[in-house]
Structures are given as C-alpha cells and as structure tokens.
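Throughout, protein chains are lettered first and strands after them, A, B, ... in sequence-line order, and every chain is numbered starting at 1.
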Amino acid sequence: MAKSEETSSSSSSRPWESYHTVYTNAKAGMDGVDKEKVQRVVYEMSKGSKYFENEERKEAYMKQKIENMRAQRAKLKPADISHYQRVADKRIAELEATRDLTRTWLHVDMDAFYAAVETLSNPSLKGRPMAVGTMSMISTANYEARKFGVRAAMPGFIACKLCPELIFVPTDFKKYTYYSDLTRKVFQEYDPNFMAASLDEAYLDITNVCKERDITVAEVTEELRQNVYKATGLTCSAGVAPNRLLAKVCSDINKPNGQFLLPNDRAAIMTFISSLPIRKIGGIGKVTEHILKDVFEIKTCEDLLQKSSFFCALFSPSSADFFISVGLGLGGTDAPQVRSRKSMSNERTFSATKDETFFHQKLVELSEMLSADMEKEGLHGRTLTLKLKTASFEVKTRALTLQSSLRSSKDILKHASKLLKAELPVSLRLIGLRMSHFNEDKDGTLSDPTQRTLLNYIKPGDDNTNLVDDEHSDVKDHSESHCYTYTNPSRDPLSELNDNNEQVVEDNGLEDHECKDQLNAVKSSEFDAQGIETHSLEGRNQDQLTMIDFSEKETGSSSSHDKEALIWLEDYKCSLCGVELPPSFLEERQEHADFHLAEKMQMEEESAHAYRNLPLKNRMRQKEAVVGQSKGRKKLKQSPSNGKHIPIDAFFSKASHNL
DNA sequence: TACATACAC
DNA sequence: AATGGTGTATGTA
C-alpha cells in the first residue's frame with residue numbers, strides 16, 4: 001500500500017519518477033549514489049527530446065502488454081489454475097532431474113574493462129572520474145565516475161551534468177582486444193575450451209584443474225585472478241557455481257576485484273536463489289522484470305517457483321521452462337559447442353535527414369563493408385535485412401530472401417536499395433544492413449588477413465594470432481569500421497601512391513596538431529591520437545583517390561569519346577557529373593544517361609547557332625569547363641546533393657517501377 | 001519467411 | 001547539439 005501511494009503521487013508531483021530508465025538499477029560501484037538525483041537529471045536532460053518521446057511510446061506499449069496479461073490471468077478459473085499447477089509440478093520434477101552438480105564453472109568479468117585499460121595506458125587518469133565513449137554514448141565508466149551515477153549506455157552529455165569533472169576518453173578497440181587476448185591466454189591455462197562471452201567476460205569449466213592439481217576452488221580462483229593481474233595489470237572479479245547462469249550472478253557479488261563461491265550443493269543453491277532479485281539473472285531484463293512484477297508479483301527467484309503454474313498457463317513452453325529453471329537455480333553445465341555465426345551486420349547512426357542521396361551513399365558504404373566482412377569469413381548469405389531508425393527513433397526492418405546466396409557489394413547494394421526505395425520518403429537517423437542464412441564459401445576465395453594495411457602501419461606487432469578463439473566474433477567494431485574505405489581491393493594500389501602525395505603529407509602535419517590539442521584536452525594516451533589520425537587520413541585519401549581515378553580515366557579515354565558521351569568511370573562514376581551509380585542500378589543509370597542526353601541536346605539547341613560559329617579553340621575550352629566542374633564536385637563530395645543537375649533523388653522517388 | 005521485441009555487452 | 005553497434009533468441013503472423 002505504501003507502494004501504490006508512491007506511484008500515484010510520483011506521476012503528478014515528481015514526474016521524473018515515472019521515466020523508467022535503466023540507469024538507476026543496482027550495479028557494481030553504485031552503492032552510495034543519489035538515485036533520486038540521477039533520475040531527476042536524466043529526466044530533465046531527456047524530456048522533450050525525440051528519444052524521450054519514443055521511450056514514452058515504448059513504455060505505453062509495455063503497459064498495454066501488461067494489461068493484456070493481467071486480463072488473461074484474470075480469466076483463469078480455479079480449475080484452470082489447479083490444472084496448470086499439475087502441469088508445472090511435472091515440469092519442475094523433469095527439470096530437477098536434469099540437475100548436474102558435478103561441474104564447477106567459473107565466470108570471469110574484468111572490472112570496468114575499457115576504462116581500466118585506458119587508465120593503464122594513461123596513468124594520470126587514475127583516481128579521477130572518467131568515461132570511455134563520447135558525448136553521445138558512454139561505453140564504460142570507471143568507479144570514480146560511477147559514484148556520480150555515470151554508467152555504461154548513458155549518453156555523455158547527461159553524464160557531464162551528473163559529474164562536471166568527468167573526463168572522456170574515446171574508445172579504442174584495438175587496445176581492448178590486445179588486453180583481452182592477454183587475459184585469454186591466462187584463461188586457457190585453466191580451461192583450454194573456455195567460452196569467451198565478450199572482450200571482458202569468459203566462462204571456464206575448472207572442474208578438471210581443481211581435480212588434477214588437488215587444490216580448492218577458492219585457491220584456483222584466487223590464483224587465476226592473480227595471474228590475470230600479472231599478465232595485464234588489470235583486476236577482475238570471479239564467480240564460481242555449478243552452472244554458468246549462477247556463476248555469472250556470483251561474479252557480480254563481490255565486484256570489483258573480488259570473488260564469490262557457491263558450493264555444488266542443492267540446499268546452498270536454493271538458499272542463494274531464494275532471495276535473489278530476478279533482474280540479476282542474465283536474460284531477464286527491464287521488460288520481463290516489469291511484467292513479472294506487475295502481473296504476478298514476482299520479485300525473487302523463489303517467487304518464480306511459487307508462481308510456476310502461471311508460466312505454464314500463459315507463456316510459451318520455452319519461456320516457462322526458462323523461468324522454472326531459474327527458480328530451481330539450474331543453468332548450463334554442458335561443454336561449449338562451436339556455434340557458427342548466424343548473421344553479420346553493420347549499421348550507422350547519423351543526424352536525422354531525408355536526403356536520399358545521403359541514404360544512397362550510406363547504402364554504398366554499408367554494402368561495401370558488409371561484403372568485405374563476409375569475404376573475410378568466406379560467407380555467402382541469402383537473406384538481406386535492411387534496418388532503419390526513423391527520426392523519431394522508431395526501428396523498422398525490411399527483409400528479402402533470395403533464391404541463391406550472394407556476397408558482392410553490388411548485389412547487396414542492389415537489393416538493399418530496392419528495400420529502401422519502398423520506404424521513401426522517410427526521415428532517418430540510422431541505416432543498417434544484415435546478412436543471414438549463410439552458405440559456406442565454395443570457391444574458397446578467403447581473402448588474406450594481412451590486408452590490414454593501416455593497422456599494421458599504425459601499431460606494429462600488437463598481434464598474437466594464435467589465441468584460442470571461440471565464437472567471440474562480436475569483436476568486430478570500430479577498428480574495422482574505420483577501415484571500410486580500404487576494403488575495395490581495386491583501390492588499394494592507388495592508396496599507396498597517395499602516401500607519396502605532397503598534399504597528404506602536408507595534411508598529416510595539420511592532423512598532428514589537432515591530435516595534440518585533443519591530447520591536452522582529454523589527457524589521453526598516444527593510442528588515441530593515432531586513432532584520430534587514422535580516421536581523418538582515410539577520409540582524405542578517399543578524396544585523393546577519387547580525383548586520381550577521375551583524371552586518369554578522363555585523359556585515358558578522351559580520345560575515344562569525342563561526343564562527350566557518358567561513360568562509367570571505374571564502372572561506377574558518371575564521367576560527366578561524377579555521380580556514383582554502380583552497374584547494378586541499371587534503370588537508374590539509363591535514366592541518368594537520358595538526363596545528360598536531354599541536357600546536352602537542350603544546350604546544343606540553345607547555343608547551336610553561336611556555337612557553330614566559334615573557333616575550335618573555344619570549343620575545347622568549353623569542354624574543359626565541364627571536366628573542371630566535375631573535379632570540383634568530387635572534392636566537395638561530402639555534400640553531394642547540392643549539385644543542381646544531379647537528379648539522383650529522382651531515382652529513389654520513382655520507387656514503384658522497380659518493384 | 002518477415003517483422004518486431006527483448007536482451008547482453 | 002547530442003541517446004551506439006553487433007549478435008542471438010523468440011514470439012507471432
């Protein structure tokens with residue numbers, strides 16, 4: 001009753017309490033945090049935004065879902081309930097029979113991993129509140145920052161408000177991967193088949209080590225953590241339990257730099273589980289917690305077992321099994337199997353726009369990235385999914401399954417743009433592409449992984465490629481996304497040419513300057529400076545490349561097209577205006593050509609009389625002007641839509657005749 | 001198969 | 001000014 005009083009008053013007098021974020025959940029290092037203040041600040045910074053509106057929309061949807069479930073629950077008659085209770089009891093017995101207490105699982109979790117690594121490479125950050133990420137999004141915060149309520153997944157500008165002293169460090173996945181590999185070498189000594197869950201988490205079956213070395217679980221765990229520290233200078237926390245689900249819960253208990261052991265004993269497990277809030281369980285998130293609490297008054301894992309009849313009555317069998325298993329303290333104990341990847345994707349966020357030329361450009365980039373990533377793993381896919389996030393944060397996916405699998409960026413682009421066209425017009429803030437339904441590579445054209453030109457150049461010798469490597473394929477990240485402009489092999493030779501280019505050298509100097517400023521402002525490490533340098537270098541090389549492509553082809557083919565005919569340079573760019581349209585855009589290209597033809601005819605007609613009387617010299621000059629214009633456009637290709645005579649938007653608008 | 005959700009890090 | 005990217009699983013139609 002005290003609770004209902006609370007909720008009813010909060011919506012009117014204290015509006016921030018009804019904005020349910022994830023930022024005030026109990027988390028390691030957040031003990032002394034003034035939650036009410038955090039809640040208020042987050043609300044103040046968020047309200048009125050598109051994001052906020054979307055959160056409200058989602059919240060409303062959830063409430064609806066809860067109401068539906070309540071109604072269904074209310075429909076159950078006493079007879080139904082006793083029926084489902086029998087069903088549940090049977091299922092409980094069956095699941096109980098699968099309990100395996102013979103294995104000892106250890107879950108390791110590095111403490112504030114990204115932040116800790118950054119502090120290692122820049123010790124002046126020690127003891128100061130710091131976050132890894134940007135003003136838009138924080139990946140990790142160190143413990144000093146967490147005291148202020150700053151935490152992962154919080155936007156940086158809100159964190160700033162909570163902690164004005166907060167230092168931001170940009171993410172550098174190369175570094176984290178390097179340290180992650182060091183930790184994994186340690187893990188390997190305890191379990192050669194350990195499961196890497198992410199860069200900073202792993203599951204180890206330490207049953208055998210304990211037996212073989214005849215030492216206690218506690219000793220093994222202490223030793224492992226000590227060895228991780230020796231190898232990396234980083235602390236970690238560990239949890240030990242008879243299954244992975246519980247081990248994960250346990251590793252959180254004495255975080256940071258601590259461990260917690262749950263004995264392989266049923267009574268101990270049930271005691272442990274009984275008071276455990278369901279939200280601590282991996283797989284139970286904000287929504288599930290809310291539903292279980294509001295519809296069934298379930299807060300702890302013990303409650304899960306008490307209310308199991310409802311699961312059998314109202315949830316799918318697999319959900320019911322999951323909830324009951326959790327209530328029994330069951331979890332995975334089996335040996336990790338090698339799972340093949342199911343999908344591969346990339347997506348980019350940008351400031352919301354309706355610019356269809358921009359969309360097209362994004363699709364080109366995403367297609368090329370995705371294609372390159374698939375090639376690296378020798379994959380071909382059959383299902384392509386386009387992901388869109390509208391300016392109002394609504395997420396849409398549009399999928400297409402093909403008869404035969406594909407991988408080339410052109411094919412991907414062709415289908416992706418078809419999917420996108422059907423959605424126009426829209427205002428978007430994100431576009432993504434996902435490929436799934438894989439077939440293994442037949443022709444074995446695995447590209448050599450030595451192609452990481454820039455990485456080698458920037459940070460030599462960071463690699464120990466003989467790591468254990470499980471399914472931690474989620475390690476693709478910024479380091480790779482930065483490289484996408486280099487993934488087109490046909491361009492690589494040119495990029496080397498550019499290294500000797502005078503202008504690039506000059507720009508390098510400029511960039512250095514910027515990096516130093518960054519360094520001072522952020523008090524960051526030299527790695528970061530290099531990261532920045534990498535990024536902007538690529539952008540410039542891209543421009544350089546395009547120019548070179550252009551002039552080469554222009555001079556090379558000028559003899560053959562005395563009528564100023566449109567040709568597709570590099571099979572890709574219009575020789576007349578520079579617009580980029582891959583061969584797969586057949587209709588688009590035809591229209592584009594028609595446009596130029598019409599334009600030319602009109603021009604000729606208008607100036608036919610005067611032109612014919614001009615001396616040859618002037619006619620040449622006129623032609624040069626066209627070329628010069630094109631070159632200029634290439635340089636300014638960051639804003640491609642401002643070219644009046646490029647009707648690319650029209651291609652997108654005419655969605656219908658391509659479907 | 002298509003799409004939306006939920007979840008994790 | 002400003003709220004990410006990658007991957008899996010699951011429910012539903």
Inset, instruction - Check every strand shown and say whether A/I158 touches a base, only sugar-phosphate, or nothing at a heavy-atom separation below 4.0 Å. - result: base
Inset, instruction - Check DNA chain C against residues 37-51 of chain A and give the residues with a non-hydrogen atom under 4.0 Å, in numerical order. - result: A/S46, A/S49, A/Y51
Inset, instruction - Check whether any side-chain heavy atom of A/N193 sits under 4.5 Å from a side-chain heavy atom of A/D205, and report yes or no. - result: no
Legend entry - A/E347 or A/S319, whichever maps to the more 5' nucleotide of DNA chain C: A/E347
Inset, instruction - For A/L433, answer base if it contacts any base atom (sugar-phosphate contacts may also be present), sugar-phosphate if it contacts only those atoms, and nothing otherwise; contact means non-hydrogen atoms under 4.0 Å. - result: nothing
Inset, instruction - Report which part of the nucleic acid A/K161 touches: base, sugar-phosphate, or nothing (heavy-atom distance under 4.0 Å, all strands). - result: nothing
Legend entry - Of residues 131-140 of chain A, the positions that come close to DNA chain C - non-hydrogen atoms, cut-off under 4.0 Å: A/M135, A/S136, A/M137
Inset, instruction - Please report, rounded to the nearest Å, how far the P atom of C/dT12 is from the OH atom of A/Y61. - result: 10 Å
Inset, instruction - Look at the aromatic rings of A/Y176 and A/Y114 and report parallel, tilted or perpendicular, splitting at 30° and 60°. - result: parallel
Legend entry - Lys/Arg N to Asp/Glu carboxylate O, A/R434 vs A/E347, below 4.0 Å: no
Inset, instruction - Have a look at A/H290 and say if it touches a base, only the backbone sugar-phosphate, or nothing, with a 4.0 Å heavy-atom cut-off. - result: nothing
Inset, instruction - To the nearest Å, give me how far apart CG (A/D373) and P (C/dT6) are. - result: 9 Å
Legend entry - Charged N-O contact under 4.0 Å between A/D111 and A/R225: no
Inset, instruction - Check the pair A/F350 / A/F358 against ring pair (Phe, Tyr, Trp, His ring centres under 6.0 Å), numbers first and verdict last. - result: CA-CA 10 Å; A/F350 39 82; A/F358 181 83; 4.9 Å; yes
Legend entry - Under-4.0 Å salt bridge between A/K376 and A/D373: yes
Inset, instruction - Ignoring backbone atoms, test whether A/K389 places a side-chain nitrogen or oxygen under 4.0 Å from the OP1 or OP2 oxygen of C/dG4. - result: yes
Inset, instruction - Find the distance A/K387:NZ to C/dG4:P and express it as a whole number of Å. - result: 10 Å
Inset, instruction - Would you tell me if any nitrogen or oxygen in the side chain of A/S318 comes within less than 4.0 Å of OP1 or OP2 on C/dG11? - result: yes
Inset, instruction - For A/D200 and for A/M62, find the nucleotide of DNA chain B with the closest heavy atom, then tell me which residue's nucleotide is more 5'. - result: A/M62
Inset, instruction - Heavy atoms of chain A, cut-off under 4.0 Å: which first and last nucleotide of DNA chain B, 5' to 3', fall inside that, if you could look? - result: B/dT1 to B/dC9
Inset, instruction - Take the protein atom CE of A/M154 and the nucleotide atom C1' of C/dT3, then report the distance between them rounded to whole Å. - result: 11 Å
Legend entry - Ion pair check, A/R341 and A/E377, cut-off under 4.0 Å: yes
Inset, instruction - Could you tell me whether A/E365 and A/R348 make a salt bridge, using a distance below 4.0 angstrom between a side-chain N and a carboxylate O? - result: no
Inset, instruction - Inspect the contact between A/E297 and A/K307 and indicate whether a charged nitrogen and a carboxylate oxygen are less than 4.0 angstrom apart. - result: yes
Inset, instruction - Whole angstrom is fine here: how far is it from CG in A/L314 over to C1' in C/dG11? - result: 15 Å
Inset, instruction - Output yes when at least one side-chain N/O atom of A/R341 is less than 4.0 Å from OP1 or OP2 of C/dT8, else no. - result: no
Inset, instruction - Could you check whether the rings of A/F311 and A/F323 sit parallel, tilted or perpendicular, using 30° and 60° as the cut-offs? - result: tilted
Inset, instruction - Starting at atom CZ of A/F323, determine the distance to atom C1' of C/dG11, rounded to an integer number of angstrom. - result: 13 Å
Legend entry - Distance, rounded to the nearest Å, where A/N54 contributes CG and C/dT3 contributes P: 12 Å
Inset, instruction - Could you tell me whether A/E289 and A/K286 make a salt bridge, using a distance below 4.0 angstrom between a side-chain N and a carboxylate O? - result: no
Inset, instruction - Report which part of the nucleic acid A/F113 touches: base, sugar-phosphate, or nothing (heavy-atom distance under 4.0 Å, all strands). - result: nothing
Inset, instruction - Just call it for A/R398: base, sugar-phosphate, or nothing, with non-hydrogen atoms closer than 4.0 Å on any strand. - result: sugar-phosphate
Inset, instruction - Identify the heavy atoms of A/A152 and A/Y23 that sit nearest to each other, and give their distance. - result: O-CE2, 4.3 Å
Legend entry - Whole-angstrom distance between B/dC7 and C/dG4, as gauged at atom C1': 15 Å
Inset, instruction - May I have the distance from A/E55 (atom CD) to C/dA2 (atom P), rounded to whole angstrom? - result: 16 Å
Inset, instruction - Before accepting this row, confirm whether a basic side-chain N of the pair A/K50/A/E56 lies closer than 4.0 Å to the acidic partner's carboxylate O. - result: no
